[in-house]
Each structure stands twice: as C-alpha cells, then as structure tokens.
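Residue indices begin at 1 and follow the sequence shown. From a predicted model like this one, the values you see are computed outputs, not experimental measurements.
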Amino acid sequence: MAFGNILFLGVLVVWININGAASRKARVSDSFDASAVGCGRTSSASLTDFGGVGDGVTSNTQAFQDAIDTLSQYAPYGGSLLFVPPGKWLTGPFNLTSHFTLYLHKDATILASQDVNEWAIIDPLPSYGRGRDADGGRYISLIFGTNLTDVVITGNNGTVDGQGVTWWDKFKKGELKYTRPYLIEIMYSQQVQISNITLINSPNWNVHPVYCSNVVIQGLTILAPVPSPNTDGINPDSCTNTRIEDCYIVSGDDCIAVKSGWDQYGIKFGMPTKQLVIRRLTCISPFSAVIALGSEMSGGIEDVRAEDITGIRSESAVRIKTAVGRGNYVKDIYVRRMTMKTMKMVFWMAGNYGSHPDNDYDPNAIPVIQNINIRDVVAENVTMAARLEGIPGHPFSGICISNVTIELAKKPRRILWNCTEIDGVSSDVTPKPCSLLKDQGPEKSCNFPENSPRVQA
C-alpha cells in the first residue's frame, strides 16, 4: 500500500507500508511502536528492517546509514525514529538527520568498528585550527551530526561501546596521524537531546556538542578506565543554553570540561559557551577535575551554574585552566552544594596551563578570569585545600568562596592554600584560606542566581 497523508484537525498522520528496505521507503515497524516511548515521531522503523544483524560480528554501517537516509524524508511530517533492538550492532560512523530520534533498547549495544578504514577523516574544528592529538584533520565521531534541528539520542539505557583500547594504545605509542574520534559529536545544531543511554570505552571524548544551542544532556552513564587518555565525559564547546543533569561519569579525564576554542583560532571564531546549567552530577576522576573550565576557552565562557555535585576520588572539584595566548574570559561562574570525598585538592585555578596549537598565538592575548562564586561545599580526605595561581600582572579577580568545610587527609600538604595573583573574598571557610581571599565574616554568602536559563530542546 503506497503511503498517503491524511490531514484532519491539523494532525498529520503518515502511514507507510513497503516490502523490504531496498525499496528505499520507511515503514512503520511491525516490531516497534514509536508511541510506546512517547517520542512524538509519526514514522518509525527498526534497524532490522534495513538488513541489520545484531551478532556483534556483521557490519551494520550500511544498515544504519540506509535507515537514517530513508527516514530523513519524513522530517516535514513529524519526524522519524530508528529503533535499535536487542543485540550487538557492530558499525562504523554514521550521520544523523533532523527531526529524528535514535532509540536504543536496554539490551542493545552499538559497537564501534575496529576497522580504521571505516572512519573518515574530516577537517579540524575551525575554533581549534588543528586536531588535538595531531596536526591536521580528525577521525569523524561514531555518532555524528551537523546542521541539525530537533535530534534525539535516547533509549532505556542501551549502550554505545567505543571499543577504545586500540585507539588508546595507538595514541600512547604516537602512531596516530589524526585525532581520535569521539563517541557522539553534534555540530552547528539546535534542539539537541542526549539522554538515558550508557557510553563506555570511548576512543576520546564521550559527548561533544559544539557550536550548538538548546542542548539537554540527561541521565547518562559514562564509563571509561581511569588510565584511559582524554576520555572526558561531556564537553559543551561554544554552545548556548545547555543543561546537563542526572549523569554518572567515571572518566580518565575531566568529567565535564567546558570549552570554546583554542588560542587565536578560538578568538577569531568568537563563539562563547554561555548559559550552561549542570545539576546532580556524580563524578569519579582520579587524575582530573569534576568540572573543568578550559583550557581551550578562547571564545569565552560565561554564566555557568553548577549545583548538587558529588565527586569521589577525583583530582579537583572545580578547576579553571587557561594561559597567556588564550585571550577572552571565564566569568560569572556560580557553584553550590558540592560533596567531595577523597580529593587531591578542592579548588584549582591555573593561569599557566596547557600547550598551544602552533607558534602563531598572540602573547598579548591575556584571558580575564573574574566573578567566580563557590559556596556550600563539604569535602573529606583532602590533601590540599586549593591551588589558585593567576597570571603575573593579570590577577584572577572577584573570587568568592563561602560556607566551605574541608576535612584533611591523614597526611596533608604542608601548604594548604597556595595563592598567587588572585583577588577575592571568603566567608566561613575551614581551613582558613590564604590572605588574598579576604575574610568577610561568617554572614556573607557568595552569589548564586536563582533564575536558571531556560533551555528548549
């Protein structure tokens, strides 16, 4: 039966019935009902309708792309959903489309292909100027999309496995000519939702929305071996209106790293990350931060609000990383209600962090770090309270730390607060902060705006 459109009382219903994926028309899957997950899509199909085989051995790269290409024609009619059923679905990278939902069954695992020939090389990000692992291009991400509107990656806790061991080994041995791929990267897009899935063993960063607006990242479980290189959890990069909440992350790098471009390339591109909300995050990251700002922050970072954060066995709770040549600013940062257990240090700000993409960075591009507010923190088994080091002649200013109790480890550092080139205030902080954080008495509390940015996704 050929599909037809029935317009009745403003509701468009699309019925599709075809015989086989080869006809290039999507059909409503007999095995999956999109309405059952409340996705609001009018058309749906299962990966098996396009020849998918979930045995963990057969390549499904073509099946994924055929399915998405076919379903993309229903974007004007309420969008479409691709269901990934139980099984292990080996695949190379594939591109998403607009008005589209990728839905993983709880017993579905998308396995990243180990065949490097399946991974296309794409241009470096314009705000970075080069790849992060190597000069030049980068491998495309496993789940990729660009210039999209209304795209959803979700499920009932299905899994995406990057099978990153091979990539990590090549990186450590210096054998890579291009930058390792991410698990999920969405570029130049709006109304993005990534929720209720598990991500494991990413070759590099796990989730990377870049140049996007109205992004919701919710209910993710992200797991990587803690020695794995650069397996950041979630990295919002030059994005506006982003909400990250209810995520559990075990990482070989920062659990969340807020970014906006690298040195002169980020300055020229000029797209900040702003209006970011982080809520109810649990992080384990023995060698990095629970929440990091930078070090690639050359488009600017502003209006970041983080609350109800738990960190366990992590290097630092809040870390600002920048350097001469980065330029622009990190400002209007608000953090409250953090619970930290077993930390190297609680607060870490560094004005001498990181490398440069090349030798053409501007040594006069001095980043401005100001209006950093952190309050209501309880930490235990901590080696050092804080290391706060601004840039000589350009101090980090407007730092406020209040209502903080830090319980020291059995063998703490001799110097608990190491402060240089900073200016700020403190209130009701134990152990007593450095003199550059002037004590305002017990009644002063750092600011935290109550009107959260509104994210529409």
Side-chain angles (χ1 to χ4, degrees), residues 52-61 63-64 84 86-94 102 104 106-122 124 131-144 153 155 157-185 194 197-208 220-235 247-257 282-289 292 312-315:
V53 179
D55 61 4
V57 178
T58 303
S59 174
N60 294 280
T61 307
F64 270 106
V84 183
K88 294 184 177 181
W89 307 90
L90 182 68
T91 181
F94 55 88
L102 178 68
L104 278 68
K106 66 181 179 65
D107 295 320
T109 298
I110 295 177
L111 287 174
S113 171
Q114 300 291 283
D115 182 359
V116 70
N117 294 316
E118 290 209 68
W119 300 79
I121 307 301
I122 61 175
R132 295 183 77 258
D133 291 345
D135 195 11
R138 58 204 186 100
Y139 291 101
I140 195 169
S141 298
L142 179 64
I143 302 175
F144 181 77
I153 304 168
N157 209 31
T159 300
V160 181
D161 184 348
Q163 301 200 100
V165 173
T166 300
W167 296 99
W168 305 333
D169 289 346
K170 289 181 178 180
F171 172 75
K172 292 174 181 178
K173 294 176 182 178
E175 296 176 354
L176 291 172
K177 296 181 180 179
Y178 306 102
T179 294
R180 287 164 291 154
Y182 309 136
L183 269 193
I184 300 174
E185 182 176 65
I194 304 170
I197 56 175
T198 296
L199 307 177
I200 63 175
N201 300 322
S202 178
N204 202 338
W205 301 349
N206 279 271
V207 179
H208 186 221
L220 299 190
T221 299
I222 299 176
L223 305 174
V226 291
S228 57
N230 311 117
T231 50
D232 300 33
I234 303 168
N235 290 5
C247 294
Y248 177 87
I249 302 173
V250 180
S251 174
D253 210 309
D254 302 318
C255 285
I256 293 180
T282 298
C283 166
I284 299 174
S285 180
F287 305 113
S288 291
I312 304 167
R313 287 198 306 116
S314 297
E315 187 175 50

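Using modelled atom types, no side-chain atom of S314 and backbone atom of A289 make a donor-acceptor pair closer than 3.5 Å. With N206 contributing its side chain and I184 its backbone, the two residues share no donor-acceptor pair below 3.5 Å. No donor-acceptor distance shorter than 3.5 angstrom exists from the side chain of D253 to the backbone of S251, with no hydrogens or angles considered. Remark: the backbone N or O of S202 is paired with a side-chain donor or acceptor of W168 at under 3.5 angstrom.
Atom CG in D55 sits 8.5 Å away from atom CG in L90 (nearest 0.5 Å). Taking CZ from F94 and CG from L102, the interatomic distance works out to 5.0 Å, rounded to the nearest 0.5 Å. With values rounded to the nearest 0.5 angstrom, R180 atom CZ is found 12.0 Å from S141 atom OG. With rounding to the nearest 0.5 angstrom, the SG atom of C255 is 10.5 Å from the CG atom of N235. Atom OG1 of T109 is separated from atom CD1 of I200 by 7.0 Å, given to the nearest 0.5 angstrom. Atoms CG and CD1, from N201 and I222 in turn, are 12.5 Å apart once rounded to the nearest 0.5 Å.
In this structure, G162 and A112 approach most closely via the heavy-atom pair O-CB, 3.5 Å. The two residues P124 and G137 make their nearest non-hydrogen contact at CD-CA, 3.9 Å. The nearest pair of heavy atoms linking S59 to E118 is OG-OE2, 3.9 Å.
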Might you work through the side chain to side chain contact (heavy atoms under 4.5 Å, CB included) test for V160 and L104, ending with a clear yes or no?
-> CA-CA 9 Å; V160 181; L104 278 68; 3.9 Å; yes

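A 4.5 Å side-chain heavy-atom check between P181 and F144 finds every atom pair outside the cut-off. Residues V116 and W167 have side chains in contact (heavy-atom distance under 4.5 Å, counting atoms from C-beta outward).
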Taking only distance into account, with no hydrogens and no angle test, what donor-acceptor pairs under 3.5 Å do side-chain atoms of residues 170-177 form with protein atoms, sequence neighbours excluded?
none

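Results of the side-chain contact (heavy atoms from CB on, under 4.5 Å) test with V207 over I143, D232, L220 single out L220 as the only residue that passes. Put simply, the residue from T282, T231, V226 that forms a side-chain contact (heavy atoms from CB on, under 4.5 Å) with V250 is V226.
Partners of Q163 by side chain to side chain donor-acceptor pair (under 3.5 Å), not counting sequence neighbours: none found.
No close placement of the W89 and F64 rings is indicated, their centers lying 6.0 Å or farther apart.
Using the six-membered ring where Trp is involved, Y178 and Y139 have ring planes that are perpendicular, over 60° apart on the 30 and 60° scheme.
Defined by atom type and a distance below 3.5 Å, a donor-acceptor pair is missing between the side-chain atoms of N204 and R138.
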